[in-house]
2 protein chains.
Amino acid sequence: MKSQGTEPRRTLTLRDVSEASGVSEMTVSRVLRNRGDVSGTTRARVLEAARTLGYVPNKIAGALASQRVNLVGVIIPSLSNMVFPEVMTGISEVLDNTDLQPVVGVTNYSPAREEAVLYEMLSWRPSGVILAGLEHTAAARAMLAQAGIPIVEIMDIDGQPIDNAVGISHRRAGRQMAEAIVASGYRKIAFLGTQMPDDYRARKRLDGFEEALKRAGLALVDREFYSGGSALLKGREMTHALLARNPDVDFLYYSNDMIGAGGLLYCLDKGIDVPGKVGLAGFNGVELLDGLPRKLATMDACRLEIGRRAAQIIAGHNAAPDIGSEVVELFPTLQPGDTIRHF
Amino acid sequence: MKSQGTEPRRTLTLRDVSEASGVSEMTVSRVLRNRGDVSGTTRARVLEAARTLGYVPNKIAGALASQRVNLVGVIIPSLSNMVFPEVMTGISEVLDNTDLQPVVGVTNYSPAREEAVLYEMLSWRPSGVILAGLEHTAAARAMLAQAGIPIVEIMDIDGQPIDNAVGISHRRAGRQMAEAIVASGYRKIAFLGTQMPDDYRARKRLDGFEEALKRAGLALVDREFYSGGSALLKGREMTHALLARNPDVDFLYYSNDMIGAGGLLYCLDKGIDVPGKVGLAGFNGVELLDGLPRKLATMDACRLEIGRRAAQIIAGHNAAPDIGSEVVELFPTLQPGDTIRHF
DNA sequence: GCAGCTGCTGTTAGCGGTAACATAGCTGTT
DNA sequence: AACAGCTATGTTACCGCTAACAGCAGCTGC
């Protein structure tokens, strides 16, 4: 803090270490970065001096001089819904084996905020950017395209990526789920989800879902949206409202597992026969579901793997700058759980 | 990306904007930072040029020249347990009204990793650091003390802070919960929690809890620990194991709400009378609980407020550097819910 | 008419490192 | 002995921006 024990002490520089160890600043720099040949004795003396002084290198100066920044910007909509932390885990896992470091920015599903966060990040000249989704403001797209660094758009591949992309087809995922539901004999199907002006992926799932229903000669019986609040509680409330409105509904498709879990708990509370009278399904494959009394049908979104692959792309470009762009499609698997009836 | 439309284009600098708009680099710099007087016409010309070129300032150079970095390092143990995202929300909420920006680092409850993350962060010379807990490696403490920037240790105040601290007394929280439980007539009390070599706060809660039991002439009947995996599921499993071992236990105190929720679901599944035969309590006050069939007793940890106050301290020091250190103690409230019986 | 503003713009000298090149001392070779 | 070929270290010139100060109009006031 401010006025520590000894003196007013300004912050240390290479020069301080250089003077303390009797070699040039350059040599100190080399030792501290393990770059170039330095004799064992000198290295030891320098390290000793740096340690006792408590020198912490100034990466700002280093980055400016070397034109190299070991940071990777990661821009995600939210931290509080279990899905992005897992993506982060995948990213960290891979970057931990490189000299790159993730830096997180959060947009709260606001495109304007995404643009602002991106601008801020690019102004630190990172080695790459990973960001969620394919939909961005025009300005954001322009910045990304101009940045001259590898960009990976994650989660979604239904659209035109700027550079690289890693994700799943949410449209297809929605379709698959609808097909499975219809195949199990459910006919009166309803949707419950987030209000999604800016959750494009939830919208794409719904689009795919409805498309497959249509192809089967069906249509959604009803739909219910929410925003904000405890997802579990909202799931209960929405389920209650929807079933009250449509007592004959036989399947509830939720846009995410959390509200699905709320719905499941509600049905169990009310003694509703699941999956006999009503079937349920969510989306994401969150770990939370493992602890529920019954396993909710879901599709995992390959979150960990998405994080890993995205990081690998950035790391790859960092090691060998002239690789081309790529699009990696992952395929989620349907986990039927205990809430879709089997024949 | 790499080879976009037009030319090989190196990244733009102030000079490019300066040439495009016919004024000096300094004037461009002033316009872009809204610093100093610039005529309206010039300002407009510069902004126009910057916009059409797609110029993004280089904060690395700016920070080096001005010796000012608008970043605040935030170091937390984990993103995946609902508690830290909420702290982050509080921090962002406050910093959004300043020119400061949070940068997150995650330690996974490892002191060595915390030290590494801290070193990395300090090497970017942030304007302040917020980090969880009062326990750090000796080297980390030394770095923090030397950094010459405001430090805020959050979550916990049972110990000696390096500079500022904002948090609650976990020891007291544990004590309070024990007192409430004993007051409700429970006598055969067990603890279920995380294995906590490095979760000092969970340990302090348990310490306080046992201390209060002892004062009431009681002791823990049994205890059960876990690590890793789905907390909800673990809660079920541990509860099962513990109740099998001790059929006469009448209260289960969980180290966090998530495993508590698992325990609650288990008890409801098994038809165990809650809170008649067995009472339950957790810790944290997570939103998730609102959706459960019955409300788990808990104590909120003031997470949002902790984030806010910590950010305010940093912002305050940033505005007026000569403020002294402070310790802010917050007081969690006990939420009895439906899982402690009332007289 | 001129000192003394005020308002706008330019110049200079770094910030703390690192790339690239230069240099000094040693080998081992022929 | 002379020289290439090391290895270990030092020197120089920036990286892109901003603080601090300098300059120069055009006014104001007396």
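Here is the naming used below: chain letters follow the sequence lines, and residue numbers restart at 1 for every chain.
Look at B/Q67 and you won't find any side-chain N or O under 4.0 angstrom from OP1 or OP2 of D/dC17. When the side-chain nitrogen and oxygen atoms of B/S66 are compared with OP1 and OP2 of C/dC15, none of them lie within a distance under 4.0 Å. Contact annotation: B/R43 side-chain N/O to C/dC8 OP1/OP2 distance is not under 4.0 Å. When the side-chain nitrogen and oxygen atoms of A/R68 are compared with OP1 and OP2 of C/dA19, one or more of them lie within a distance under 4.0 Å. Between B/S24 and C/dG10 there is a side-chain polar atom (N or O) within less than 4.0 angstrom of OP1 or OP2. Here A/T27 does not reach the OP1 or OP2 of D/dA8: none of its side-chain N or O atoms lies under 4.0 Å away. Under 4.0 angstrom from either OP1 or OP2 of D/dT9 there lies at least one side-chain N or O belonging to A/T42. In this model, the phosphate group of D/dG16 is not approached by any side-chain N or O of B/Y55 to a distance below 4.0 Å at OP1 or OP2.
In this structure, B/N58 CG and B/L14 CG are separated by 9.0 Å, a value rounded to the nearest 0.5 Å.
Look at A/E48 and A/R45 and you find no salt bridge, because none of the NZ, NE, NH1 or NH2 atoms lies under 4.0 Å from a carboxylate O. Checked for salt-bridge contact, A/R113 and A/D198 miss the test: no charged N lies under 4.0 Å from a carboxylate O.
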Set out, line by line, the N/O atom pairs under 3.5 Å between protein and nucleotides 21-24 of chain D.
none

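Counted by atom type alone, A/R68 and A/N318 present zero donor-acceptor pairs between their side chains at under 3.5 Å.
When all heavy atoms of A/L134 and A/E153 are compared, the pair lying nearest together is CA-OE2, 3.4 Å. Across every non-hydrogen atom of B/I60 and A/W124, the tightest pair is CD1-O, 3.4 Å. Nearest heavy-atom pair across B/V106 and B/V117 is O-CG2, 3.8 Å.
Atom pair A/R45:CZ and D/dA8:P shows a separation of 14 Å (rounding to whole Å applied). Distance, B/R35 CZ to C/dC8 P: 17 Å, rounded to whole Å. D/dC17 atom P lies 9 Å from atom CG of A/L64, rounded to whole Å. Between A/W124 atom CH2 and D/dC17 atom C1' the separation is 12 Å, expressed in whole Å. Taking atom CG of residue A/D37 and atom P of nucleotide C/dA24, one finds them 19 Å apart after rounding to whole Å. Distance A/L12 CG to C/dG17 C1': 15 Å, rounded to the nearest Å. Nucleotide C/dA13 holds its P atom 15 Å from the CD atom of B/E25, rounded to whole Å.
Counting any heavy atom pair closer than 4.0 Å across all strands shown, B/R33 reaches sugar-phosphate atoms only and no base atom. Across all strands shown, A/N58 has heavy atoms under 4.0 Å from sugar-phosphate atoms exclusively, and none from any base.
Surrounding CZ of A/R33 are more than 12 heavy atoms belonging to other residues, nucleotides or ligands, all under 6.0 Å away.
Two residues, B/M26 and B/I60, neighbour DNA chain D, and the one matched to the more 5' nucleotide by heavy-atom proximity is B/I60.
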